[in-house]
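Since we're looking at a predicted model, the values are computed, not measured.
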Amino acid sequence: MGRVVIDVMPKPEILDPQGKAVVGALPRLGFTGFTGVRQGKRFELEVEGEVTDEVLAEARKAAETLLSNPVIEDVVSVRAADGAAGAGA
Amino acid sequence: MGRVVIDVMPKPEILDPQGKAVVGALPRLGFTGFTGVRQGKRFELEVEGEVTDEVLAEARKAAETLLSNPVIEDVVSVRAADGAAGAGA
Amino acid sequence: MSTDTPARPSGAALDTVERAAATPEHELPWEALGLKADEYERIREILGRRPTGAELAMYSVMWSEHCSYKSSKVHLRTFGRHTTDEMKKHLMVGIGENAGVVDIGQGWAVTFKVESHNHPSFIEPYQGAATGVGGIIRDIMAMGARPVAVMDSLRFGTIDHPDTARVVPGVVSGVGGYGNCIGLPNIGGEVFFDPSYQGNPLVNALCVGAMKHEDVHLANARGVGNLIVLFGARTGGDGIGGVSVLASETFEDTGPSKRPAVQVGDPFQEKVLIECCLDLFSAGLVEGIQDLGGAGLSCATSELASAGDGGMLIHLDRVPLRDSSLSPEEILMSESQERMMAVVTPANVDAFLAVTAKWDVEAAVLGEVTDGDRLLVQWHGETVVDVPPRTVAHEGPVYERPYARPASQDALQADAPTAERLPRPATGEELRATLLRMTASPNLCSRAWITDQYDRYVLGNTTLATPDDAGVVRVDEETGLGVALSLDGNGRFTKLDPATGAQLSLAEAYRNVATAGARPLAVTDCLNFGSPEDPGVMWQFAEAVQGLAEGCEALGVPVTGGNVSLYNQTGDRGLDSAVLPTPVIGVLGVLDDVSRRTPSGWREPGQVLYLLGTTRDELGGSEWAWVEHRHLGGLPPALDLEHEKLLADVLVNCSRDGLVDAAHDLSEGGLAQALVEGSLRFGAGARVWLDELCERDGIDPFVALFSESAGRVLVAVPREEEVRFNDMCTARGLAHLRIGVTEEVSQETRLDVQGLFAVPLAELREAHTATLPAHFGG
Amino acid sequence: MRIGVVTFPGSLDDGDARRAVRLAGGEPVALWHADADLHGVDAVVLPGGFSYGDYLRCGAIARFSPVMSEVIAGAQRGLPVLGICNGFQVLCESHLLPGALVRNDHQKFVCKDQRLRVESASTLWTSAFEAGQEIVVPLKNGEGGFVADEDTLDRLEGEGRVVFRYLGGNPNGSLRDIAGIANERGNVVGLMPHPEHAVEVGYGPGTDGLELFTSVIASALVSAVGA
Ligand SMILES: Nc1ncnc2c1ncn2[C@@H]1O[C@H](COP(=O)(O)OP(=O)(O)O)[C@@H](O)[C@H]1O
Ligand SMILES: [Mg+2]
């Protein structure tokens with residue numbers, strides 16, 4: 001069983017209220033070193049077999065049509081999961 | 001200017017309504033190869049200087065206390081951004 | 001993402017006033033900014049030189065159709081001409097300010113306005129609708145009021161078109177996402193599907209706010225030496241697509257490449273801004289205030305200065321930025337959301353900044369009110385704008401666009417839905433089947449799938465909301481003083497006859513408010529039309545405005561403000577590619593005690609159903625003609641405004657004296673739909689007979705059930721009040737007829753039209769509620 | 001009885017909670033998120049809304065506000081605390097209550113009049129009800145799905161700490177139809193539906209919600225008499 005990881009982030013020029021809320025909260029918790037935060041989405045897609053190039057191409061198409069909103073978001077990466085990220089460890 | 005990437009995913013045993021909705025929608029759009037989808041969050045944290053080990057340790061602490069809820073989520077990775085993922089390209 | 005104030009981009013040539021005077025030959029891209037040659041020439045005349053890039057940015061955006069109303073202005077003056085002194089009696093602030101203000105008595109005032117966010121909602125349904133709600137809320141805040149409720153009027157393409165499946169859920173969750181998160185109850189609206197809105201959805205949002213008389217604030221910058229403070233969200237490159245031409249012109253090497261076409265809303269920021277503004281108002285720290293909406297700082301500075309008594313100096317480099325690469329032109333044009341601008345005395349400024357700090361709201365003192373009459377904008381000490389503010393804000397171009405009744409109008413009106421041309425159901429069985437199809441049709445089916453996504457309870461003052469005829473909220477907890485609002489439009493009627501159609505929309509909103517038991521007091525309107533460059537569209541517009549103005553005068557309710565949205569049209573097939581001409585009318589009414597409000601459904605058995613008003617064979621533009629025959633033609637129903645006034649009067653008295661327990665307006669779908677909705681409201685059935693009605697009005701059961709004649713309301717009268725009720729109608733000369741009785745709430749209860757058919761409410765409910773979930777997902 | 005109602009930036013139903021306290025006969029006291037002081041109140045309500053916008057996770061940021069450290073300390077001493085909707089989310093994020101609240105299974109915000117069964121009348125906030133009683137109060141949320149692992153759910157059921165359960169269909173995918181729960185001591189209760197919107201005839205569905213507030217006032221009287 002293979003797994004594809006897709007990362008989607010708000011476009012840099014677009015207001016990101018979620019990131020803004022986090023960057024405001026961090027210093028109150030004593031985390032002072034962070035000057036900016038942006039919050040995006042991460043998807044893990046499972047496939048029956050291996051993650052072939054065709055699977056990745058399908059996944060990219062899905063990322064661009066369904067998983068992201070091209071008006072305000074960018075698909076920043078579509079890749080096969082390496083063991084570490086996949087298992088949720 | 002450095003950047004830390006943090007990935008947070010719903011725990012495997014926890015209901016993930018967003019992932020479920022995506023997996024339901026994919027076949028309707030003609031994407032038939034995916035058997036499961038989970039949707040998590042991806043954060044990009046900016047720091048003034050370089051991403052040192054201390055910065056990463058701070059980021060991990062922030063990830064575990066604020067950015068995720070251990071009852072329902074796992075922090076699956078905390079790492080320095082490589083060029084590619086960072087620029088939002 | 002960097003958050004510091006910008007350094008002056010090195011190496012780029014700043015287009016200062018000085019430079020503009022020295023380089024008269026330098027050509028600016030005025031055409032790309034949407035200006036006409038004569039408009040550009042006028043700017044040169046006003047300034048006595050060529051404009052700077054920043055000045056051109058301001059003029060171009062402020063002289064756009066959206067901001068200057070250049071095509072509609074000559075017609076909008078009609079409203080003023082038809083507003084009598086008597087109508088102005090309750091009007092504290094009229095057309096021209098951010099929103100009108102109405103005196104509702106006991107020292108209270110309310111302000112309300114409807115505005116469009118049509119095009120952005122097509123591009124990005126969620127954010128477009130969300131920022132539409134956010135924008136109208138700031139207009140209400142700018143009057144000094146606390147926003148107390150919102151409404152939304154939505155129009156989409158055909159229900160089964162694939163793009164409708166994209167636009168509807170996005171718009172609905174955007175309206176809900178913003179309103180729910182900001183804590184304003186959604187108390188009503190409309191949803192309508194028609195192919196003409198394919199590619200041109202209409203998203204109109206209304207906000208109403210309340211305040212004490214002494215809290216009314218106006219948008220003007222008075223008092224030399226007073227400070228200009230910008231507060232709220234940081235300024236980013238939102239919605240400045242067009243002006244990037246200028247940026248690339250003057251900032252060749254440093255100009256940023258990407259400017260977002262859509263704005264993203266942050267309702268949390270706006271919620272905090274509301275509370276912050278209310279704290280500022282109650283501490284008396286604000287002299288004048290203006291929201292930042294379309295045209296951003298260009299609009300706020302020039303309007304404040306233009307309405308003030310002096311000039312204004314602004315240091316643009318003090319604007320807190322989200323994107324440090326923005327040029328002065330872009331900062332002036334940015335439409336970043338959740339920002340306000342206040343005029344503050346120097347003595348109050350520290351206290352002002354303490355309040356903004358309490359709410360974690362960023363604020364920056366940008367400049368001051370000056371003596372003289374110029375608006376000066378500086379960028380790191382150099383002057384980039386030096387203009388008479390009135391010429392930017394209030395003295396833009398005015399067009400007398402040609403208009404003409406389209407040649408096709410006669411044929412359209414001649415195409416009446418007569419019984420010979422469109423077959424009508426006659427038997428009980430046919431009528432029953434028609435009723436079930438009608439009540440399940442897109443424009444008549446239950447809106448619950450949409451309205452269940454809106455919080456109608458927050459603030460704890462909502463006493464009527466969806467699916468009642470009007471939304472009713474309490475304004476004063478001590479006395480129960482409150483307001484009722486209804487938002488209505490009918491593009492089909494307006495297409496068939498623009499003047500009458502606009503009046504019918506007005507009459508429906510007016511009637512809805514009275515049906516809820518409130519005394520109608522004032523009007524706001526959003527006029528959604530196609531391209532003003534099409535003489536046919538312009539004719540529709542002119543006619544609709546004239547009709548509306550005359551209608552308001554006849555009903556005695558003034559237009560207090562509104563919004564015009566033109567160019568709602570795709571393609572170049574002239575009138576045929578424009579949306580149905582759609583004036584959306586909001587009517588506001590007052591209840592001295594909202595506990596007297598009348599709900600739209602009955603719940604007690606044995607009450608008597610009366611139909612007020614008379615019914616004619618009027619099916620032109622009706623839902624029946626469309627649902628059953630895809631037909632739009634003929635004339636809209638006739639309207640008698642004197643009758644509407646009488647009807648409203650009787651309904652308000654009935655509510656005051658407790659003569660009716662339920663009242664429901666008859667509109668789209670006619671009596672049949674009113675019976676369905678009145679029964680389903682609380683699950684109590686009804687037994688109805690139509691013979692007397694048919695005999696009195698000379699109609700058949702089909703016409704009785706499905707005609708859309710205006711001026712009719714169905715009421716449920718408790719038996720013990722029947723005599724008083726009858727006497728009152730008779731004394732006032734209002735046509736009233738007993739047509740049925742209510743049944744109890746039970747599993748078996750039915751809607752029984754005697755001698756024709758009966759339908760169990762369970763079956764009706766199934767038909768009525770299944771449609772939207774079937775199309776947009778459970 | 002003085003009952004504090006916390007206002008976070010983004011709280012929406014704080015005024016409504018104060019009104020409910022007043023109508024129940026208590027004295028509402030407004031508490032401010034940035035103020036690490038409960039001003040001697042006898043109970044605390046964490047109201048509904050979207051604290052700090054709730055963009056990250058509902059209640060995640062509010063949990064770390066200065067006032068919450070006092071609320072947490074008070075709750076551990078036995079101070080009655082009620083979390084409504086966003087307040088429930090804050091209580092879970094603060095670990096005063098187990099489990100978490102996730103996006104509704106149908107992914108939409110839902111606003112409706114909701115039928116509930118009061119499963120436990122032995123908390124400080126439900127003593128005025130009869131166990132098994134059915135009530136109707138508004139429900140309005142986008143992230144109201146209660147989740148916890150099986151062991152936690154079994155323990156909640158076993159210890160009688162499921163306080164409210166949805167009737168007539170599960171509106172958001174909550175496990176075992178759970179609408180509200182309590183801590184072991186019964187002084188901390190969280191629920192997704194909004195009892196403060198059912199306290200006045202004509203403004204919401206009836207007045208069933210009032211009993212939560214009269215419960216806590218009555219139990220304070222009882223303990224005062226007992227003491
Ligand atoms: N988009 C909407 N937002 C909020 N409420 C709505 C919306 N659309 C319809 N409603 C509500 O649903 C009910 C039915 O709408 P409608 O059939 O248009 O009423 P009417 O014909 O009496 O004006 C009304 O209470 C109306 O306010
Ligand atoms: Mg209507």
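- Closest approach of D:Y55 to C:D266, counting heavy atoms only: OH-OD1, 2.5 Å.
- Residue C:D360 does not touch chain D at all, counting heavy-atom pairs closer than 4.5 Å.
- Heavy atoms closer than 4.5 Å to chain C are found in the side chain of D:E200, but not in its backbone.
- Options C:G176, C:G777, C:P267 differ in how many heavy-atom pairs under 4.5 Å they form with chain D, and the most are formed by C:P267.
- Ring planes of C:F268 and D:Y52: tilted class, angle from 30 to 60°.
- For CZ of C:R603, the number of neighbouring non-hydrogen atoms (other residues, nucleotides, ligands) closer than 6.0 Å is 12 at most.
- Using a 4.5 Å cut-off between heavy atoms, C:V272 contacts chain D through its side chain alone, with no backbone atom that close.
- Looking at C:Y457 and D:D113, their side chains do bring a donor and an acceptor atom within 3.5 Å of each other.
- When atom types are taken as modelled, the side chain of C:T463 and the backbone of D:Y203 share no donor-acceptor pair closer than 3.5 angstrom.
- Salt bridge present: D:K140 and C:D455 bring a charged side-chain N and a carboxylate O closer than 4.0 Å.
- Neither the backbone nor the side chain of C:S173 comes within contact range of chain D; no heavy atom of the residue lies under 4.5 Å from a heavy atom of that chain.
- Taking chain D as the reference chain and counting heavy-atom pairs below 4.5 Å, the highest number among C:R597, C:E275, C:K358, C:R474 is found for C:R474.
- When D:S51, D:C111, D:G53 are compared by the number of non-hydrogen pairs under 4.5 Å with chain C, D:C111 comes out ahead.
- Across all their heavy atoms, D:H197 and C:V458 have their closest contact at CE1-CA, 3.7 Å.
- Using a 4.5 Å cut-off on side-chain heavy atoms (C-beta onward), C:W449 and D:K108 make contact.
- Listed for the D:D16 side chain is a donor-acceptor partner under 3.5 Å among the backbone atoms of C:L459.
- For chain D, the nearby part of C:I182 is the backbone; its heavy atoms alone come within less than 4.5 Å.
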